[in-house]
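The basis for the numbers below is simple: all heavy atoms, side chains too, and nothing from hydrogens, waters or symmetry mates.
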Amino acid sequence: LAKPYTSGRLVKWSVELGKYDVKYEVRPVIKPQVLANFVGDNTPTKYMEEDSSENDKGMWKLSVDGSYCVSKNGAGLMLTSPDGWTLEYALKFGFKATNNEAEWEALIAGLTMAKYLEVQKLEASSDSQLIVGLASGEYEAREDTKAKYSAHVQSLKSAFQVCQILKVPKAENARANLLSKLATA
């Protein structure tokens, strides 16, 4: 075991290092300081806390996915309330649609259901970058069909106090994907 520093040792070192103008400073304990810095750097400010808790309060979650098969089309959607209860739907389309059109139809069906349930705050998610980009206004529709779908989604979004449409990885959209596959089975 190492001996703890005693006042005699400190005085000896102080005398020895004094002629070189080196001064001894007690090193603070690192662990509490690291923890304090981490908490300080990662604690939300009052403004951030109010904003995030205010937006998350009463926020419903909607996950959608479209499915295209040679002979059948469908969609899966999952609507979850802030309390945690979930509505799951597998929708089978009676018309031919491309994969992107199936994704649009899934989003429109989910937004329509949320609207009729009088949801005020909604966070919708899809694994389709194109659909999310067009629906959020990040992309501009060049084709007439995409422009019509985008306009319809914009009109549905206006029914909500808060409506965000986010891109999520396919793995996070697995349940809606399974429901869409069920619709085309």
Give the cluster check for [X] versus [Y]: same hydrophobic cluster or not, with ILVMFWY residues linked at side-chain heavy-atom distances below 4.5 Å.
| X | Y | result |
| --- | --- | --- |
| M78 | V119 | no |
| V64 | L122 | yes |
| I165 | V168 | no |
| Y149 | V153 | yes |
| L130 | L111 | yes |

**Request:** Taking the side chain as every heavy atom from C-beta outward, state whether S63 and R175 have any pair of such atoms under 4.5 Å apart.
**Result:**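 A side-chain contact is absent here, since even the closest heavy-atom pair is not under 4.5 Å.
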**Prompt:** Is the closest side-chain heavy-atom distance between H152 and W104 below 4.5 Å?
**Reply:**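 They are not in contact (no side-chain heavy atoms under 4.5 Å apart), so the answer is no.
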To the nearest 0.5 Å, what is the distance between [atom1] ([X]) and [atom2] ([Y])?
| X | Y | atom1 | atom2 | result |
| --- | --- | --- | --- | --- |
| L166 | E172 | CG | CD | 10.5 Å |
| I131 | D65 | CD1 | CG | 10.5 Å |
| L107 | L62 | CG | CG | 7.0 Å |
| Q129 | L134 | CD | CG | 10.0 Å |
| L117 | T112 | CG | OG1 | 11.0 Å |
| S67 | L91 | OG | CG | 11.5 Å |

Give the minimum heavy-atom separation between [X] and [Y], together with the two atoms involved.
| X | Y | result |
| --- | --- | --- |
| G76 | A106 | O-CB, 4.5 Å |
| L77 | A109 | CD2-CB, 3.9 Å |
| E101 | K96 | OE1-O, 4.4 Å |
| E123 | M59 | N-SD, 3.7 Å |
| L182 | A90 | CD2-CB, 4.1 Å |
| A102 | A97 | N-CB, 4.3 Å |

Going by atom type alone, with no hydrogens or angles, which donor-acceptor pairs under 3.5 Å involve a side-chain atom of residues 156-163 and a protein atom two or more places apart or on another chain?
residue, atom, partner, partner atom, Å
K157, NZ, A135, O, 3.3
S158, OG, S155, O, 2.6

**Message:** Applying ring-ring contact (aromatic ring centres under 6.0 Å, His included), can you list everything that pairs with F93, at least two apart in sequence or on another chain?
**Reply:**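 For F93, the residues satisfying ring-ring contact (aromatic ring centres under 6.0 Å, His included) (neighbours in sequence not counted) are F95.
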**Residue K167 excluded, over 12 heavy atoms near NZ under 6.0 Å** =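 Counting other residues, nucleotides and ligands, NZ of K167 exceeds 12 neighbours.
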**Prompt:** S150 side chain to K146 main-chain N or O, any donor-acceptor pair under 3.5 Å?
**Reply:**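 Side chain of S150 to backbone of K146: no pair is present.
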**Prompt:** Between the main-chain N or O of N99 and the side-chain N or O of N73, is there a donor-acceptor pair closer than 3.5 Å?
**Reply:**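 Answer holds: no.
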**Request:** Hey, can you tell me if W85 and W60 have their rings parallel, tilted or perpendicular (30° and 60° cut-offs)?
**Result:**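 Perpendicular, since the angle between the ring planes exceeds 60°.
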**Message:** Just to verify, what does E138 make a side chain to side chain donor-acceptor pair (under 3.5 Å) with, not counting sequence neighbours?
**Reply:**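 With sequence neighbours excluded, E138 shows a side chain to side chain donor-acceptor pair (under 3.5 Å) to no residue whatsoever.
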